[in-house]
Amino acid sequence: VTLFEKEFQTFSSKKYNTALNSCSAGAYITFAYLREKYGVCDVYTPSIGFTSMAWSAKEHGHNIIFVDVDENMLMSIDAYRGKRKLRCERYSDGGIKPVVMPVLYGGVSTIENFTESIKQDNYNEFIVVDSAHCSTPQMQSDITLFSFHPYKPIAASDGGMLSTDLEEVYKFALAYRNFGRTNTQDGYQISKSGFKFYMNNLNATIALTQLKQYRNNLTNRINAYQKLKQSNIKGSLIKHDRLSSYYVATIIADDEEYAKLMRKKYSEVRLYPPLHLQPYYKDCDTTNLINTEDVYTKLINLPLYKNIEE
């Protein structure tokens with residue numbers, strides 16, 4: 001596990017990397033830390049993403065504010081600023097901490113100028129990046145969360161990583177992943193809350209082998225994506241950037257019928273249901289998600305871990 005954490009630093013570009021048994025565990029630890037550090041926070045995140053991130057925030061008592069996406073299925077900075085404007089007074093006096101949690105959907109490595117731009121607004125947001133789809137993110141953050149689920153670009157039987165440059169977060173995660181244990185001269189003590197969230201050595205060993213295969217696998221994913229670009233798609237193919245992990249090829253179809261046809265043809269297509277429409281999140285801010293609701297019905301995700309048919 002220690003070796004995997006060290007080797008993964010070249011992927012995360014973070015000083016501290018804490019290996020866990022899932023990405024969901026990383027989300028749970030993150031929002032436990034934020035609750036202990038700042039109390040109840042306002043958490044801004046897109047509705048299209050896997051539930052574990054928003055669920056963990058809600059489980060720890062934070063307020064969830066869903067934010068609309070742009071034409072690339074990424075969190076819209078304008079939509080975020082619009083929702084933040086309604087609550088900005090509570091941030092100015094330091095009473096409530098704003099937490100921004102964008103999703104690097106499809107495997108892209110960044111949302112261009114997102115963090116840099118909102119930092120200039122001086123609301124001192126805490127940035128948590130959901131990088132479950134991307135193994136080489138370039139987006140500035142306080143915490144970045146990774147997944148090593150079998151379908152992900154770096155795959156183990158399961159696993160996750162919480163990566164940060166903040167030593168305080170790192171020490172919190174180390175203790176929390178093992179029932180709140182901290183080492184002492186005589187062994188250890190239980191100093192805080194926690195659970196069995198650590199990665200085991202078997203999963204770490206599998207993940208280490210996948211680090212070595214990542215570049216070759218990425219080339220295959222890029223080739224599949226390029227083949228798809230040259231095909232007769234009835235819709236727009238969302239772009240990937242230079243350091244994208246090419247997790248999936250995301251198409252926004254011209255119409256719903258074509259989207260249904262493609263989903264039926266590619267049975268492995270997986271879509272996260274919009275979280276704001278789920279009963280569990282009915283008490284959250286689910287307003288003004290026009291683009292999210294419009295795009296979702298025409299959304300197609302095609303896997304890039306195998307060859308795309310002609």
Side-chain angles (χ1 to χ4, degrees), residues 23-24 26-28 30-32 34-35 38-92 95-106 108 111 114-115 117-118 121 123 125-133 139 141 143 145 238 248 250 252-253 256 259-260 263 269-301:
C23 185
S24 300
Y28 197 89
T30 294
F31 288 105
L34 289 169
R35 181 61 189 262
Y38 300 109
V40 175
C41 302
D42 283 352
V43 179
Y44 295 83
T45 192
S47 174
I48 296 183
F50 188 58
T51 186
S52 67
M53 302 295 175
W55 183 93
S56 296
K58 193 171 186 293
E59 179 71 9
H60 285 290
H62 301 292
N63 305 312
I64 307 296
I65 300 106
F66 288 114
V67 179
D68 210 358
V69 295
D70 62 16
E71 66 278 4
N72 293 310
M73 295 299 297
L74 300 174
M75 187 170 174
S76 165
I77 189 168
D78 291 333
Y80 165 63
R81 281 181 166 143
K83 289 211 166 182
R84 184 188 63 188
K85 185 177 181 180
L86 302 174
R87 301 169 175 83
C88 60
E89 290 184 4
R90 54 199 276 159
Y91 309 143
S92 300
I96 298 287
K97 185 73 169 177
V99 176
V100 182
M101 186 167 57
V103 178
L104 296 180
Y105 193 87
V108 298
I111 303 175
F114 187 96
T115 306
S117 181
I118 65 172
D121 298 339
Y123 285 104
E125 290 99 335
F126 193 98
I127 310 296
V128 178
V129 171
D130 177 354
S131 195
H133 292 183
M139 192 167 179
S141 69
I143 294 174
L145 300 172
I238 290 179
V248 293
T250 300
I252 300 176
E256 294 182 26
K260 291 177 182 178
R263 290 175 193 164
V269 168
R270 293 171 180 267
L271 293 178
Y272 301 134
L275 298 178
H276 72 284
L277 299 179
Q278 307 308 306
Y280 182 70
Y281 297 103
K282 64 183 180 181
D283 57 344
C284 302
D285 183 337
T286 61
T287 60
N288 298 323
L289 298 170
I290 297 171
N291 200 42
T292 299
E293 294 183 354
D294 177 62
V295 166
Y296 182 76
T297 59
K298 295 176 285 187
L299 197 63
I300 308 163
N301 284 335

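Judged purely by atom type and a 3.5 angstrom limit, N291 has no side-chain atom pairing as donor or acceptor with the backbone of D68. A donor-acceptor distance shorter than 3.5 angstrom exists from the side chain of S47 to the backbone of L275, with no hydrogens or angles considered. Distance alone, capped at 3.5 Å, is enough to place a donor-acceptor pair between the R263 side chain and the L299 backbone. Side chain of H60 to main chain of Y28: a donor-acceptor pair is present (N/O by atom type, distance under 3.5 Å, no hydrogens or angles).
In this pair, W55 and Y280 present their aromatic rings parallel. The plane angle is below 30°, not in the 30 to 60° band.
Here the straight-line distance linking atom OG of S56 with atom CE of M101 works out to 8.0 Å at 0.5 Å rounding. Of the inter-residue distances, the one linking D285 atom CG with Y44 atom OH reads 8.5 Å to the nearest 0.5 angstrom.
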Check against side chain to side chain contact (heavy atoms under 4.5 Å, CB included), D130 and L145: CA-CA 5 Å; D130 177 354; L145 300 172; 5.5 Å; no
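For K58 and D283, the salt-bridge test passes: some basic side-chain N is under 4.0 Å from an acidic carboxylate O.
Looking at residues two or more places apart in sequence or on another chain, you find no side chain to side chain donor-acceptor pair (under 3.5 Å) involving N72.
A heavy-atom distance below 4.5 Å is not found between the side chains of D42 and R84.
Side-chain contact annotation: Y272 with N301, donor-acceptor N/O pair under 3.5 Å absent.
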